[in-house]
Structure formats: structure tokens, C-alpha cells
Amino acid sequence: MARYDAREAEPKWQALWAERQCFVAPNDSPKPKCYVLEMFPYPSGRIHMGHVRNYTMGDVIARFRRAQGFNVLHPMGWDAFGLPAENAARDKGVNPRDWTYDNIATMRGQLKQMGLAIDWSREFATCDVAYYSQQQKLFLDFYQAGLVYRAEADVNWDPVDMTVLANEQVIDGRGWRSGAPVERKKLAQWFFRITAYADELLEALDHMERWPEKVRLMQKNWIGRSEGLRFTFDLSNSEKLDVFTTRPDTLFGASFVALSPDHPLSEVLAKTDKRAAAFIAECQRIGTTEAAIETAEKMGFDTGITAAHPFDPAWQLPVYIANFVLMGYGTGAIFGCPAHDQRDLDFARKYKLPVLPVVVPEGEDPKVFEVGAEAYTGPGRLANSRFLDGLEVEAAKAEIAGRMEAQGKGTRTVQYRLRDWLVSRQRYWGCPIPMVHCPTCGIVPVPKGQLPVELPSDVRFDVPGNPLDAHPTWKHTTCPKCGAKALRDTDTLDTFVDSSWYFARFCNPKSEAPVDADAAKYWLPVDQYIGGVEHAILHLLYARFVNRGLHKLGYTAVDEPFAGLFTQGMVCHETYKGHNGEWIAIEEIEKRNGKAYFKGSDTEVTIGRSEAMSKSKKNGIAPETIIDVHGADTIRWFMLSDTPPERDIEWTNDGAEGCSRFVQRLWRLVDEAGELPPPGTKADGASELRRATHRAIAAVTDDLENLRFNRGVAQIYTLANAIADAKDASVAAKREALEALVLLIGPMMPHLAETAWQALGRDTLVVDTPWPKADASLVASDTETYAIQVNGKLRATRQFAKGTDKATVEKESLALEPVARMLDGKPPKRVIVVPGRIVNIVA
RNA sequence: GCCCCUGUGGCGGAAUGGUAGACGCGGCAGACUCAAAAUCUGUUGCCUUCACGGGCGUGCUGGUUCGAGUCCGGCCAGGGGCACCA
């Protein structure tokens, strides 16, 4: 009897799998394909528990599908561009490229220690010239297809990271990475025309059944479709003003018109009106951060201009510039109907504008119905609205929209909240945008033959600003069109561009084209994608959009890149705080009697709630410390046990110890099994052990199919218990049970499985062994246990032979002592017999 | 403010409308040991009873049903997303 030594066994199997190229996926195979992908990591330095959880889940699916006979693609790469490399360069004086590739080498080694079934021959990093030069080609393709454009716009400027950000990357008015309040700047930048696909991206969500409902809903809200009417006001200064509304039915309740401070007309007015200019400046000073919006009052400036009501030219509405009107949505101008919109009501009360209700709830008298502090937004009938009077809201919308369209005053339109994706970044460590600015020709794409536009390696980080722009020579080039002196675009692409098509590149990472269309046609869509829910909008929306572009360009054959998505929960741990509220690292404390103290002292430390492991909270456990002591199988088993995969899991020492003990227990089960018949011996009969074996096979298969890893784990414990308890089972049944057990743990604890398989006398590999099949006749039992209830309360249980007729079940149930006692001699009012399940006697 | 999700033992969590608490962690008792670790056996929702047994239990509250953790209505608590989007 020997302990199972994971440290000895694990590297051995890993080397053998690699040597036999077990996980190298051919691009042609008679088997059905299965593409399993986990969101690729940013090479920050070392892997963390979140990676371990993510990659363990993906690995289980990949190995399970492989055992089921699929040609499985399970690749790995590196999302390797990004700001941390530049920060390291600035803080430590290293080269971003060296820093990144060093990290990749470290993390690759750590991932290999986990024993992942990955096709390493397809590995790449997005900072490889070979990758980003292909991305530059794609950028030019998208440009040609009209999916990329340059425009001057109000953009989000992160003053700490010194770059602009996309809307999706501004969280609560702050930069997603730096946390600094973003500022607004007017800059010419590159955009991806994601809005061109707004309707498609929205519509497709309804059919993405293997995506979490939550993620689909978040994307739906982010895209934000609303139907309404766009129409034009004639202004007293003989200008025209377009507005958008979703409530055209309330037009006769209008009492003002409002422009965004950023509206072109506001800017025109500011030129001649000092007070208007001052008001606009004031709005801009307050800014658009969350805090500012929370507290900012509705403010307006009466321009003195008036707008003629579309259905009554004599009815003139005052035109204000108002701080709550956003330039980025609709037309940047609205009409205000205070009675039925809260913001309009707040504004009207402040500036003493009329509040005329035009929608009256059922049962209210239109003559007396009034709106107080709250706008009425519910259903009702129109009043005070001329030709709309008496109509319900939806009918009124249709009527007024129809009249406007017939008279050429307006059109029904659909507005989206989604904005185009700003992809320019004023940073160094990213994919250079392959564009040239020529004084005479304007913007000229770099011809594909001149790609790649390579990043220089001699850049300085000790001066603020864009390092590429500051480089002495890099940006100076000649115009590809006229040959005159010209400047390169010194911005790089948002790193989310890099991760928006890597899944397609994995299909053939050596391809001369960005995406090998044949390979992509074979592999895509990804059958199972796994990653954190924090990417619900950003990465997952961008990738869906880019894939639609790829499809349009003929690179891919599918609309949606990820057929199945699974969002796993985070890995959490208790937190500890000292007296000053500072975070205390796990290594600095020790626990005694449920309390925490500084190591070797009596100074108590406050135990805080469990939170996602993070550097800042100092509550992270380094995976390698667990792997070094217990082995990869233990940490993998922990990640799969107990907690459902979509929920946050709490890392505990006791739990890890328990997993390690189970590894040993499984090993002993095999090692101390005693004499077994030779491999291939068939078991027969229907012993308890055989039933337990086949029930486990059926249950674990079902659980893995549905990504219920925690339940699969529980089934495996149950089978292990059954084997341990089956002292007098036949040796053939024992062999069958042990072999099933080993194959079932194969995807989860692959190293232990191989070792145990060998110990059972097998000379093949578990990774080459088909998934076991459950014998249906053994899964079902030949007796049925009925729960016998009286008035819905359990009083007894009783076994009946399978298929016993209802009358017999009823008769014998009534005769049971506890039932008879409850009935107390009286006949039952009613007896319900559910075959195979339950008898309920109503007394 | 709007939208969504989640509430089950000491803990993580099981449970096609049909025996609530599978499985694991932890606890308790015992075996082995000079002792400890490891391992093994038993036990472990709460109340009541010497015992047999009985009662109560899935956030609260009402309903549907022979039967509700599960379905429906109304609350409460925690978490998440969006947020001046016209």
C-alpha cells in the first residue's frame, strides 16, 4: 500500500499525452467536431484561481466530448496587448514586449501543470506580429466594407490612462481600468460601425438558446431598441429642428422644446449670445459623471426662439437649451410634455411652464384630472388633443404618426441606445492602426502589401502622452498614394479588437489570410464558450459584431460565433482587516477558535465577508501552492465540487484538504481492491454494485452534458461509497465498478485516472478510451418504493414489485399499521395512487 | 428610479408538483495508536418522549392542489445590470 504521489505521476502523464499528441486536433476528421473554448487569459504574470476554475471546466468538457467520440478543438492563446505592460515598462524599466513574453512563458508552464487537454500547436499571442498584422488586414477589409470610419466626436477621455475609451468601457462615469472620472473631449477617432448591426445583434439574441438568459437580457438592454417618431419643428428664426419621440401621442401636451448643450444649433446660438455661451459652459463644467447627474438639477436657458406646433402653426413653443438632453441619443433635441414625462415635469415646474394632461387613466374625469409631483406614464385615453381625443395610447401613436407621414412632416423610426465602437487608443502596446495621414490626399490606408505596420521597440515611457506619437522617427512615412511626406496614425486599436476574432484564428493560426475560411467553416461556431460574466457586454458584444463583419467578408460562415455560452462564477475567499481598516494578507494571519490573529501574536484581526480573490484585498491563494502540495487533480476536483459552476465558489482550506483526501481514497479503492479478474471480463447479473455502477454512469453523463459538475462530483462520491461498501460483490462486478469509476473521473482528475487505469492492469490510456455506456436495464430498479402519505404527510414507505397494480398498492397501503392508526377505523375519503411514486390517503 | 437574479441544517449545496436536506465540509462519539496524524465505524435540522412515537421545519404572507422548496399573488432581505436614452 502506497500513497498516490501526484507530484510524481502528473508530469509523467502530461509528458506522455504531449509525446503522443493526444490533443492535437486535425482540421479534417470523420468524427463530428466540437469546439470548446475558454476566454483566453491576459498574461498578467501568474495564473490565479479564476483561471484555474475557468480552464478546469473547459477541460472537463473537452475531455468528455473527446471520450464521446468528437474531434475536439481546445486551443489556448494570450490576450497579450494592453496597458499593464506599459505600466510595468514605466515602473520597472522593462520592455513591454519582454515583460509580456516572460509572463506568457511562466503562465504557459503553469497551465501545463494543470494537465489541460489543449492543442498547444495552435497557440498564439495577440502581440505576435503574425497575429496583429492579420488584424491590420482585417481593419482594412472592414474599412473597405464601410464598417470602419473616422469621425470627430465627443469622446470619453481617461486622464490617468491617457487614452480615449469606448462607452462600454466607462463604468459609472469612470475608466474601467483606472477608475478615474472620464472627461469629455472632442477628437477625431476611428470607429467600428457596430450600430449597423444593432437590429441583427438584437434579433439574434432571441434564438441563442444556449446562452444564459441574463447575458442576453443585458445585451438587449445595452442595445436598447425603441420605436418612435422623428419629426421637424419650424423655428421662429426660420431654421428647422428635428426631434425624436417615443410618445408622439402626447404632442398636444407639449409645452416646450429643448436642445442639448452640444446641439449644433446651441453652438450657433452661443456665438452671438453670451448668456447662451455661459450656460453651455456651465453644463459642461458639471460634466456627466454619475455623481453629477444624481445631484444636478434640471437647468435650462430660454433662447427666445420659438417652435411652431406641427398641427397648429399659431401655437408657439419656447425653445430652451437644457442640460438633461443628450446629444448622443436621437437627434439631440426633444419636445417636452411635462404631464407624462418626469424629467419634463421637473423642468416645467422649475420654469413655470404649462402642465396639460393629455392621457387620462381609465375612470378619471378628463375635465378634472391633474398631474401633481409625478408624471403620469400609464395607459389611458387621450384628452385635450383635438383629433386624438378618446383614443387609447397605442391607437393615438399610430394615428398621429400616420398623419405626420401622410403630410410629410415626420417618419416612424427606430432608435438604439447602442453607439458606434470607438477603437482608437492613444497607447503604445497595441495593434497599430494601418492608416496614413497625408497633407494632400487626406486619410490613406496602408496597402496590404506594405503590412505589417510594426511596433517599434525603442520607445520611451518616462514622458507622458502617446509613446508612438513621441517616438522621433516612427510616425514619419510617405503617402502610399502620392509619395509625399506623410504621418502614420499613431493610435493603436482597442485591445478588445484583438479578442473579437481570435476564436476564428484558432481554426488555422498559420493561415496566410486573417481567417482560413475552410477551417472556420469546419470549426465554427464555438460549441461551448466559457468565461466570466464581466464580459457579458464588452467582449461578447464586440465579438458578435466582428464575426458578423467576418461573415459579410466571407471569412466565416456563421452569424453567431458562440453557439453555447457559459458564464462561471468567481473564486472567493474570506477577507481580513486590521484596526485601521487596512487589508491583511492571508499569509499574515492564523486562526484560533474561529477568530483570526496576526501570526504568532494575540492581536486580533477582523474577519470580513468573502469576496472575489484580488490583489487589492490580499485574499488570493496562489494556485501553484496547492498544486505543489496536493497536485493538479486536487485543485481541479475542488473547482468542480459542491458549488454550481455559475455561482461564486468559496475557497477553503478544509475543502481543499477534503479533495486531497478523496484523491487518496480513490487510489486506495483501486490499489487495495485485491484479486480482480483480467481486464475485459464481463460482469453479469443485477447485483447492487452493478446497479450502482450503471446508475452512476447514467447520472454523471447527464450531469456533464448539462455542465452540472457539482452534481456529477456527488454521483462519483456515491459510486465510490458503493464500491467501498460492496464487500461481497463478485470480483467481476468490482472490476466493472472500478473501471467505470476511473473512466468517469477521467475528465475531472485525468492524471489519477491514468494511474488507476494502469493499476487495474490496462495497457491503454484513459484519454483513448471511449466514454462508458450505462445499461438501461440496470439503471432502473425492479422494485418501486412508494411513499405512503396520510393527508399529505409521510407515514410509511413500502416496496412494491415494479408494475404492481393500483388496487393492490392501495389495499396494502391502507393495511399498514401507521396508516390504520391515523385512520382510526374510519374509511378514507379518497386515495390517490401515483404509479411508482406515492400513495396519498385523504382521511 | 427601471430591469433581472437569489433566499433550504453550523457551512457549500441536492431535490421531473410526489419520502426535504443526496453528496461534500465541519462537529460529536468510538476503534486503531504510548500519543498524534492518517484511516475505519457510528452519529449529526429543531422541539418533545425512558422508549415506541409525535409535533415543527425550505425568508415572510396569502392562494391553487389529494400533495408546494418547486406553480401563482403580495411583502421583506441580499446580489447584479442599466441609469437624465426622450
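Computed from heavy atoms alone, side chains included, the values below leave out hydrogens, waters and symmetry copies. Model, not experiment: these values are computed from the prediction.
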I'd like a list of close polar pairs between nucleotides 70-73 of chain B and the protein, N/O only, cut-off under 3.5 Å.
none

Per the glycosidic torsion and the 90° limit around 0, nucleotide B:G13 is anti
Name the pairs: protein N/O against N/O of nucleotides 35-40 of chain B, kept only if under 3.5 Å.
unit_1: B:U39; atom_1: O3'; unit_2: A:Arg668; atom_2: NH2; d: 3.3

Residue pairs meeting salt bridge (Lys or Arg N to Asp or Glu O under 4.0 Å), one or both in residues 651-663 of chain A, sequence neighbours left out, come to none
Judged by nearest nucleotide, the residue sitting upstream toward the 5' end of RNA chain B, A:Thr797 or A:Leu217, is A:Leu217
Of B:C66, B:C82, B:C23, the nucleotide closest to the side chain of A:Ile537 is B:C82
inquiry  = Could you check whether A:Phe256 and A:Phe347 have their ring centres less than 6.0 Å apart?
reply    = yes
Using atom names, set out every protein N or O paired with an N or O of nucleotides 5-13 of chain B below 3.5 Å, distance rounded to 0.1 Å.
unit_1: B:G12; atom_1: O2'; unit_2: A:Thr643; atom_2: OG1; d: 2.7
unit_1: B:G12; atom_1: N2; unit_2: A:Asp642; atom_2: OD1; d: 2.9

Sorted by number, residues from residues 831-839 of chain A placing a heavy atom under 4.0 Å from RNA chain B are A:Ile832, A:Val834, A:Arg837, A:Ile838
Note: A:Leu704 and A:Pro747 closest approach over all heavy atoms is CD1-CG, 4.4 Å
Could you go over nucleotides 45-53 of chain B and give all protein N or O partners under 3.5 Å, atom names and distances?
none

Side-chain atoms of A:Tyr717 come closest, of B:G24, B:C84, B:U19, to B:G24
| message | What's the gap between B:U16 and B:U39 when it is taken at their P atoms, as a whole Å value? | response | 33 Å
Handout entry: Salt bridge A:Arg7-A:Asp5, side-chain N to carboxylate O under 4.0 Å
Key = no
